[in-house]
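One structure below.
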Amino acid sequence: MIDEDGRVAEDAPMRWNGWGDPAKEKDLPRAVRALLPLLLGRIHRPEPAVALPDVALAASALSEDDLAAFRDVVGEEHVDVSDEARIRHAGGRSTPDLLRRRMPRQNAPDAIVRPSSHIDVVACLAIAVERDLAVIPFGGGTSVVGALDPERGRHRGVVSLDLRRLSGLIALDEFSGEAVLAAGTTGPDAEALLAARGLELGHYPQSFRYATVGGFAAARSSGQNSSGHGRFETMVTGIRVATPTGDLELGRSPGSAAGPDLVRVFLGSEGIFGIITEVRVRVHPVPQERVFESWTFRDFASGADGLRRVAQRGGGPTVIRLSDEAETAVSLAQVGRIGKLLAKGASVITVYEGTDIAERRARTAELLADAGGTSSGQGAAEDWLDGRFDGPYLRDSLLDAGVFCETLETATTWSNLQTLRHAVESSLREGFAAEGAKSYIMCHVSHVYPTGASLYFTVLAGLRTPPLESWQRVKSGVNDAIIAAGGTISHHHAVGRDHAAWLEQEIGETGVRILRAIKRELDPSGILNPGAVIAEQAD
């Protein structure tokens, strides 16, 4: 709902210890409960999760004088030190985040501060520098890599800077096809505001319903329509950033040779260099037609070959995804459909939007058929679209039932795809076995490029030991395996704190020195998201 100022009214808050709308919480279907022991063996019920009023937090480290300084900038009602607000800003939505939310004692930021403008953000950063307070930028709260952990580092306190009041369509150039959106604008709000003018951004990650435009930029997000519209970073034409040492407005023209592209420095920086407050993006007309087609392949390898042919030929579907044999047989794509047995082998879904659909579909069909694919109609692709944002709800239900469920992703070249997939799956299987647990591993390709593709893994396990500690050991081994097998430590989930220790192995010691130098220049006090992306150095 758009208000008189052109902003979209804020929706109900996300479930405090799970994903999404609390009204959509569901118990596992009976068929699912029957299937899980066959996959994972005996499942041990977890300890009951703590209720929100029973969570114990340390007292806020901020003084009344600290709070008054922030209140002078954003208003008294927008500085919150209540336990509920602090708990709701105590991390993201990874499985480790949710496991920590189930514990009776939790870490949380010392205060929540909600600015409403770029000027407010600048003033809040100045206060934080003056008073030695760490600042964690907070948008939709959907990070799954530890980027929102309330880490104070060497500072005396930590503030969650909630940016969701920075919401709305700031400017629109329909002739050029560009829009400026405030960084706290959620995906649905952005699309609603643009749709009122017949336009769309068309960026749909699974976190779409809650994630923000600034978060898309800060994490170098990739959406489900990226095969047709590109990753979010390719949509960005300019940004406005507040840093502790000065402001930047970047992206003067659609193309430039005026030195290195500084816009790209902030895309993927996860708030360690500055706070993105506005994002300029390219937009396009809302597509008037959508066509679906599903395909089956004898195995993952032949399906991947079909996707490679489509990606290298160009002009293919807006969405193209390949599920391996395990994911095809036990679908986790939609809530309540985990027990639905599909055709044997691997499966591909394609969705076409925009213009020249008939031509693109015919070209894609020829390439997929040449790779061994058989068209299986529209049904599976339509089902995927209907439930594409609901998968995380199923994870919550699995955790409630004592089943560990987590995802991880990487990417590599086509020639290395099978090697990397085998390395990750072997590491997961062996890692969980060392923890005394059976596991069930699924993989899909969600994003394709002419030279390679992403790999997205979902793993289920019946952990008997404390699941958080077990997963940290397993995940460390998987990260090692990804680097050793030539994959990227993250394709679209970003680095956060969970992957920071592996970044140097991907970009090298010189690359890390460059990032540290930028941070020293823009954030000399080190207040911005301590420990995220690049691990803090010992004094």
Side-chain angles (χ1 to χ4, degrees), residues 89-97 99-100 107-110 125 128-129 132-138 143-161 215 217-220 243-245 264-276 406 408-410 427 431 468-469 471-484 487-539:
H89 290 77
R93 289 301 186 275
S94 69
T95 296
D97 288 328
L99 290 172
R100 284 188 283 267
N107 294 324
D110 294 301
L125 291 182
V129 170
D132 190 29
L133 303 174
V135 174
I136 312 296
F138 194 99
S143 169
V144 292
V145 291
L148 302 179
D149 291 353
E151 176 61 55
R152 69 179 60 192
R154 61 181 183 270
H155 307 285
R156 68 178 183 86
V158 55
V159 170
S160 176
L161 199 68
R220 289 178 74 186
T243 85
T245 58
R264 308 301 147 187
V265 170
F266 291 92
L267 300 182
S269 64
E270 301 182 66
I272 68 168
F273 298 150
I275 309 294
I276 297 171
E406 182 60 303
L408 58 99
E409 40 77 44
T410 181
S427 180
L468 185 56
E469 292 79 2
W471 172 243
Q472 288 170 338
R473 289 189 288 268
V474 173
K475 183 64 158 55
S476 179
V478 173
N479 288 350
D480 289 341
I482 286 173
I483 294 295
T488 176
I489 198 61
S490 177
H491 171 261
H492 60 272
H493 284 170
V495 176
R497 292 173 179 81
D498 294 355
H499 298 145
W502 286 266
L503 183 61
E504 184 173 331
Q505 296 180 64
E506 179 158 340
I507 69 173
E509 184 270 337
T510 300
V512 172
R513 283 196 294 111
I514 292 171
L515 296 182
R516 291 193 190 282
I518 296 171
K519 185 166 179 66
R520 282 195 302 271
E521 180 62 32
L522 296 177
D523 180 26
S525 300
I527 64 165
L528 290 172
N529 221 356
V533 185
I534 43 177
E536 286 201 301
Q537 291 178 304
D539 292 333

Exercise for review: Before giving the answer on side-chain hydrogen bond (donor to acceptor under 3.5 Å, both in side chains), spell out for Glu506 and Thr488 the whole-Å C-alpha distance, their side-chain angles and the decisive distance to 0.1 Å.
Suggested key: CA-CA 7 Å; Glu506 179 158 340; Thr488 176; 2.8 Å; yes
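For Arg152, the side-chain contact (heavy atoms from CB on, under 4.5 Å) partners at least two apart in sequence or on another chain are Ala61, Asp110, Val158. Scanning for ring-ring contact (aromatic ring centres under 6.0 Å, His included) contacts around Phe266 gives an empty result, with sequence neighbours left out. Residues passing the side-chain contact (heavy atoms from CB on, under 4.5 Å) test with Ala108, sequence neighbours excluded: Leu57, Arg86, Ala90. Contacts of His499 classified as ring-ring contact (aromatic ring centres under 6.0 Å, His included), with partners at least two apart in sequence or in another chain: none. Remark: His89 engages Phe138 in a ring-ring contact (aromatic ring centres under 6.0 Å, His included) (not counting sequence neighbours). Shown here are the salt bridge (Lys or Arg N to Asp or Glu O under 4.0 Å) partners of Glu406, two or more places apart in sequence or in another chain: Arg395.
Using a 4.5 Å heavy-atom cutoff, the side chains of Ile514 and Ile507 are not in contact. Contact check for Ile136 versus Pro109: no side-chain heavy atoms found under the 4.5 Å cut-off. You'll find the side chain of Asp132 reaches within 4.5 Å of the side chain of His155, heavy atoms only. The closest side-chain heavy-atom distance from Trp471 to Thr95 is not below 4.5 Å. Contact of the Ile518 side chain with the Ile272 side chain is not registered, since no non-hydrogen atoms from C-beta on lie closer than 4.5 Å. The shortest distance between side-chain heavy atoms of Val495 and Trp502 does not fall below 4.5 Å. Within the 4.5 Å cutoff, the side chain of Thr243 has no heavy atoms near those of the Asp523 side chain.
Nearest heavy atom pair, residue Leu148 against residue Pro137, reads CD2-O, 3.3 Å. Among all heavy-atom pairs drawn from Gly526 and Pro530, the shortest one is O-CG, 3.8 Å. Scanning all heavy atoms of the two residues, the minimum distance from Ala500 to Ala535 falls at CB-N, 4.1 Å. Across all non-hydrogen atoms, the minimal contact from Pro244 to Val129 is CB-CG2, 4.0 Å. What you find for Asp97 and Arg93 is that their closest heavy atoms are OD2-N, 3.2 Å.
We find the CZ-CD distance between Arg513 and Glu509 to be 4.5 Å, quoted to the nearest 0.5 Å. Rounding to the nearest 0.5 Å places CD1 of Ile482 at 8.0 Å from OG of Ser427. We find the CG-OG distance between Asp498 and Ser490 to be 10.0 Å, quoted to the nearest 0.5 Å. Expressed to the nearest 0.5 Å, how far NE2 of His493 lies from CD of Glu409 amounts to 4.5 Å. Between the CG atom of Asn479 and the CG atom of Leu503 there is a distance of 11.5 Å, given to the nearest 0.5 Å.
Partner Asn529 forms a side chain to side chain donor-acceptor pair (under 3.5 Å) with one of Arg497, Lys519, Glu270 and no other, that one being Arg497.
Between the side chain of Thr245 and the backbone N or O of Leu522, at least one donor-acceptor pair lies under 3.5 Å.
Taking 4.0 Å as the cut-off between side-chain N and carboxylate O, Arg473 and Glu469 do not count as a salt-bridged pair.
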